[in-house]
Amino acid sequence: MSQDATAIPDVQSSADTRHIAIDKVGIKDIKHPIRVNDRSGREQYTIANFNMYVNLPHNFKGTHMSRFVEILNEHEYEITVQSFKTMLAEMIKRLEAQSGHIEMTFTYFVRKTAPMSEVKSLLDYEVTFIGEINEDNAPEISVKVVVPVTSLCPCSKQISRYGAHNQRSHVTVNAKTNGFLWIEDLIDMVESQASSQLYGLLKRPDEKFVTEHAYENPKFVEDMVRDVAAQLNADERVASYVIESENFESIHNHSAYALIANDKQN
């Protein structure tokens, strides 16, 4: 480093006299390319949105924001799920922090087969990897997946002479695992409990099938979270979870919502 550069004052590292520590400080909404392996054996190249934070002791004025960006760019295109834990440890070391937090949100595609025509298409899901680390602890990683499904109202079906109102629903699962779990495994657990799953492409025989399938499988928002919870409770790979279901109601100007949280280790 040149003499002129070393002479530039490091304001962030200067002392702060207010004696108030900051729990999280860092950068939000920075995009970077990543690679993700899927269950079919393919590699997906996608763009992730990163939030990166560390704690700041009471005696420092600020953190070094540029170092977060440096960590991302040093990995270039090689950021993967496997390197996520490495980045966490690297971040608290470079920022001289005691704790750190990274969120990596990206679009993930699953190739789906229509139920009758068997035509194939891609469906997109929002996936987030969330990592936490403290100086003396191993990194803790959770996976959050937003799964769009169809829900059909049991009450509407029961009281109507014909038909029943149905709507798009988002079921969000945030899970910590004991072992390896594919993103598709979590998606499958949710979709298997919906009135009907969604597809990117349907022919007329497929539309008939999914419409009738939803009618035969009505679910309240309460049913959705309970049925998905039962799936996660039975899977030994899942250590803890938070399940949320939001129905974007088709006959109301509001959403229906339910949540279940469970730490199976306690």
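- Within 6.0 Å of atom CD in Glu74, more than 12 heavy atoms from other residues, nucleotides or ligands are found, so the atom counts as buried in its surroundings.
- In this structure, CG on Leu123 lies 6.0 Å from CG on Leu198, to the nearest 0.5 angstrom.
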Dump the intermediate steps for side-chain contact (heavy atoms from CB on, under 4.5 Å) on Asp235 and Met189, then the final yes or no.
CA-CA 10 Å; Asp235 196 314; Met189 290 185 215; 3.1 Å; yes

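- No option in Asp29, Thr105, Thr107 other than Asp29 meets the side chain to side chain donor-acceptor pair (under 3.5 Å) test with Asn49.
- Around CD of Glu43, the count of heavy atoms belonging to other residues, nucleotides or ligands within 6.0 Å exceeds 12.
- Residues Thr150 and Gln167 form no side-chain contact, since every pair of their non-hydrogen atoms from C-beta on lies 4.5 Å or further apart.
- For the pair Pro148 and Tyr125, the minimum side-chain heavy-atom distance is below 4.5 Å.
- Connectivity analysis of hydrophobic side chains (ILVMFWY, heavy atoms under 4.5 Å, direct or indirect) links Leu202 to Met116, Tyr199, Phe209, Val210.
- Atom-to-atom distance recorded for Leu72:CG and Lys31:NZ is 12.5 Å, nearest 0.5 angstrom.
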Criterion side-chain contact (heavy atoms from CB on, under 4.5 Å) on Glu184 and Glu191, from CA distance to verdict
CA-CA 10 Å; Glu184 289 91 336; Glu191 292 183 337; over 6 Å; no

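- For the pair Glu222 and Arg226, the salt-bridge criterion is not met [side-chain N within less than 4.0 Å of a carboxylate O].
- Of the options Val147, Val221, Leu152, Val149, a side-chain contact (heavy atoms from CB on, under 4.5 Å) to Ser169 is made by Val149 and by none of the others.
- Taking 4.0 Å as the cut-off between side-chain N and carboxylate O, Arg94 and Glu70 count as a salt-bridged pair.
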Check residues 251-258 and write down every donor-acceptor pair under 3.5 Å in which the side-chain atom is one partner and the other belongs to a residue at least two apart or another chain.
from, atom 1, to, atom 2, distance (Å)
Ser255, OG, Glu246, OE2, 3.0
Tyr257, OH, Glu244, OE1, 2.6

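- Annotation for Leu259 and Val225: closest pair N-CG1, 4.4 Å, computed over non-hydrogen atoms.
- Lys264 contributes a side-chain N or O that, together with a main-chain N or O of Leu232, makes up a donor-acceptor pair within less than 3.5 Å.
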Before giving the answer on side-chain contact (heavy atoms from CB on, under 4.5 Å), spell out for Gln231 and Asp227 the whole-Å C-alpha distance, their side-chain angles and the decisive distance to 0.1 Å.
CA-CA 7 Å; Gln231 292 279 303; Asp227 290 343; over 6 Å; no

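- Each of Ile187, Thr172, Val173 was compared with Val146 under the side-chain contact (heavy atoms from CB on, under 4.5 Å) criterion, and only Thr172 meets it.
- Of all non-hydrogen atoms in Ser245 and Val171, the two that sit nearest each other are OG-CG2, 3.8 Å.
- Qualifying ring pair (Phe, Tyr, Trp, His ring centres under 6.0 Å) partners for Tyr53, counting only residues two or more places apart in sequence or in other chains: His101.
- Scanning for ring pair (Phe, Tyr, Trp, His ring centres under 6.0 Å) contacts around Tyr162 gives an empty result, with sequence neighbours left out.
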Carefully, step by step, assess Gln197 and Lys112 under the rule side-chain hydrogen bond (donor to acceptor under 3.5 Å, both in side chains).
CA-CA 10 Å; Gln197 57 182 286; Lys112 306 193 68 173; 2.6 Å; yes

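- Remark: Asp185 pairs with Arg39, Arg237 by the salt bridge (charged side-chain N to carboxylate O under 4.0 Å, His left out) rule, at least two apart or across chains.
- Inter-residue side-chain proximity for Ile27 and Val69 is flagged as met; some heavy-atom pair is nearer than 4.5 Å.
- Within 6.0 Å of the NZ atom in Lys203, the count of heavy atoms belonging to other residues, nucleotides or ligands does not exceed 12.
- A distance-only check finds no donor-acceptor pair linking the side chain of Thr63 to the backbone of Met65 [under 3.5 Å].
- Contact check on Arg168 versus Glu249 returns no salt bridge, with no Lys/Arg side-chain nitrogen under 4.0 Å from an Asp/Glu carboxylate oxygen.
- Aromatic ring pairs are classed by plane angle as parallel below 30°, tilted from 30° to 60° and perpendicular above 60°; the pair Phe106 and Phe129 is parallel.
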Please evaluate residues Asn233 and Tyr241 with respect to the criterion side-chain hydrogen bond (donor to acceptor under 3.5 Å, both in side chains), reporting the C-alpha separation (whole Å), side-chain torsions for both, the decisive distance (0.1 Å), and the verdict.
CA-CA 9 Å; Asn233 286 339; Tyr241 60 79; 2.7 Å; yes

Would Val143 and Val127 satisfy side-chain contact (heavy atoms from CB on, under 4.5 Å), going step by step from the backbone distance to the final call?
CA-CA 7 Å; Val143 183; Val127 178; 4.3 Å; yes

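- With a 4.5 Å cut-off on side-chain heavy atoms, Arg42 and Arg111 count as touching.
- Considering CD1 of Ile243 and CD of Gln193, their distance stands at 10.0 Å, rounded to 0.5 Å.
- Rounded to the nearest 0.5 angstrom, His64 NE2 and Leu56 CG are separated by 10.0 Å.
- Under the ring pair (Phe, Tyr, Trp, His ring centres under 6.0 Å) criterion, Tyr215 pairs with no residue at all, not counting sequence neighbours.
- When side chains are defined from C-beta on, Phe50 counts as touching Ile34, because their heavy atoms get closer than 4.5 Å.
- Considering all non-hydrogen atoms of both residues, Met91 and Gly100 come closest at CE-CA, 3.8 Å.
- Between Ser195 and Ser151 the shortest heavy-atom distance is OG-CA, 3.5 Å.
- Judged purely by atom type and a 3.5 angstrom limit, Asn51 has no side-chain atom pairing as donor or acceptor with the backbone of Glu103.
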